[in-house]
Number of protein chains: 2
Amino acid sequence: MGSIDRKNKIKEIRKNDIIDAAQEVIFSKGYNQASMDEISKQAEFSKRTVYSYFSSKEEIYFEIMVRGYNLLNEQIQNIFNEIPQKTALEKIKQMGLVIYKFSTQYPNYFEAIMSYENKEEDFDIQLSNSSRDNCYNLGEILFSYLKTTLEEGVKEGLIRDDIDVVNTSVYIWSSTIGLFDVLIKKKKYLKNYHSRDTDTLLKNGLDMIIYSIKKR
Amino acid sequence: MGSIDRKNKIKEIRKNDIIDAAQEVIFSKGYNQASMDEISKQAEFSKRTVYSYFSSKEEIYFEIMVRGYNLLNEQIQNIFNEIPQKTALEKIKQMGLVIYKFSTQYPNYFEAIMSYENKEEDFDIQLSNSSRDNCYNLGEILFSYLKTTLEEGVKEGLIRDDIDVVNTSVYIWSSTIGLFDVLIKKKKYLKNYHSRDTDTLLKNGLDMIIYSIKKR
DNA sequence: ACACAAAGTAAACTTAGAGTTTACTTTACT
DNA sequence: AGTAAAGTAAACTCTAAGTTTACTTTGTGT
């Protein structure tokens, strides 16, 4: 291994250490409350050094989001590797449930993902094209699972054959995101004003979505 | 009219003028880029005076959101006042279309509404209970239209009678919000990566939602 | 083994904007 | 005309992101 490779490797490790530290601080006090001074201190680097690895606080948060996305994609992938294989409809419902489980198990990662999912396409930070593509690809993995499963379901005869799989994937993805967002953020409101708990509403919502694509 | 009443009236007018000015600045440069110095200048008051009417920038933005909500509610209300009356299913689809039209016609108000809809229940600013209730009430108006219309549809025999109207209202509301959010924010991405335009995806999404509640 | 480049450091600095204080002036009611 | 309420300009505090400076440490090539 050449010395340049070794250096790059060390750089990657340090970058990771900084993300670790930032994650600890940001997850414990929230993005806005976490200062770069504190993140640097936690990372045991000077602020200047942190800024030599990342150009802004937002860029670091973006990396945290990528970690979250990878973790989520892994869990989704498991559904498709399971034996015995489930039907397309079961898999789609399972995806919803896995995302929900993820959101309760890793609320901070989920928040990071959501804050980017809910962001304008024109990111505040000017992402390099490769970062942007990389970010899109993370979402594309989920999207393509959805698309493939829908196609599979149509073939099986369980899913309506009058749907367009791309349109329907967008519909399922966006309405599921909306459902989670509202259920998580308005949890107390829904309990106090409409006496419904998150679990009931989530299961009902996913059932409605499934019902809308099911063949009869 | 007593002098106290007159004073309160003047105060209300000034408050409104300040909201007008803030709206102009915020809508033209965005919330973060709009400074309180500039808002005060636009309002032709000193910054100190602005702060005697509102306790923070966020509180002013909150008032802008309330304006937007009232405008939206008005347009929704029109659907229900129309003659001849439509079926429940048509009304629900119409609500979706009206919200979409609103989002294109008043994108800045829509953004203000969305930024509060997407906010944690625990607002950053400590809203007084009356402001918080007031804010909830705005959403409640829409919610109750939805609920009432669903009940009506069940009676008419057009909507599934095995649904719970509250659960279903939450599902419709949250998935519609999610749909708009994704379609507006990821417009370019959906066009470039999946060659689908907003209108098609919106109409398809609303149809799927309608399909999920329709009796057959 | 040592020169020198790369990487790191602490601490002071810049910048920007929200919100506050001060010391003063204008307005309008009684 | 006197007084209280409402307004003003401008300087100030505070916080936090990001930068600069002047210096030190580390590690690699010859």
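From a predicted model like this one, the values you see are computed outputs, not experimental measurements. Worth knowing before you read on, the calculation uses all heavy atoms, side chains too, and leaves out hydrogens, waters and symmetry mates. Each chain gets a letter, A, B and so on, in the order its sequence line appears, and its residues count up from 1.
- For an aromatic pair to be called close, the ring centres must be under 6.0 Å apart, and Phe110(A) with Tyr106(A) fails this.
- Look at CD on Glu58(A): it is 12 Å from P on dA17(D), rounded to the nearest Å.
- Side-chain contact between Ile26(A) and Asn108(A) is absent, with no heavy atoms from C-beta onward closer than 4.5 Å.
- Put simply, NZ on Lys57(A) is 17 Å from C1' on dT19(D), counting in whole angstrom units.
- Of the residues listed (Glu82(B), Glu152(B), Glu151(B)), the one engaging Lys91(B) in a salt bridge (charged side-chain N to carboxylate O under 4.0 Å, His left out) is Glu152(B), and it is the only one.
- Here the options are Lys15(A), Arg67(A), Gln42(A), the test is side-chain hydrogen bond (donor to acceptor under 3.5 Å, both in side chains), and the partner is Asp20(A); only Arg67(A) passes.
- Atom CD of Gln33(B) and atom P of dA16(C) are 12 Å apart (whole Å).
- Tyr51(B) places its OH atom 13 Å from the C1' atom of dT13(D), with the value rounded to the nearest Å.
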Restricting to nitrogen or oxygen on both sides, can you table the protein-nucleotides 7-11 of chain D pairs closer than 3.5 Å?
from: dG7(D); atom 1: OP1; to: Arg14(B); atom 2: NH1; distance (Å): 2.8
from: dG7(D); atom 1: OP1; to: Tyr53(B); atom 2: OH; distance (Å): 2.9
from: dT8(D); atom 1: OP2; to: Ser46(B); atom 2: N; distance (Å): 2.8
from: dT8(D); atom 1: OP2; to: Ser46(B); atom 2: OG; distance (Å): 3.1
from: dT8(D); atom 1: OP2; to: Thr49(B); atom 2: OG1; distance (Å): 2.4

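- A salt bridge between Arg196(B) and Asp164(A) is present, with a side-chain N of the basic residue lying under 4.0 Å from a carboxylate O of the acidic one.
- Applying the ring pair (Phe, Tyr, Trp, His ring centres under 6.0 Å) test to Phe54(B) and every residue at least two apart in sequence or in another chain returns nothing.
- Between the side chains of Ser55(A) and Glu59(A), a donor-acceptor pair is found at a separation under 3.5 Å.
- Here dT15(C) presents its P atom at 17 Å from CG of Asp37(B), a figure rounded to the nearest Å.
- One can place CD1 of Ile10(A) at 11 Å from C1' of dA7(C), the figure rounded to the nearest angstrom.
- Ile26(B) has its CD1 atom 14 Å from the P atom of dG17(C), to the nearest Å.
- Nearest heavy atoms, His194(B) versus Val166(A): CB-CG1, 3.9 Å.
- Residue Ile39(B) contributes atom CD1, which lies 7 Å from atom P of dA18(C) at whole-angstrom precision.
- The two residues Leu71(B) and Gln75(B) make their nearest non-hydrogen contact at O-CG, 3.0 Å.
- For the helix from dA1(C)-dT30(D) to dT30(C)-dA1(D), the terminal axes (five pairs an end, C1' atoms, rotation from four pairs onto the next four) enclose an angle of 0°, given to 10 degrees.
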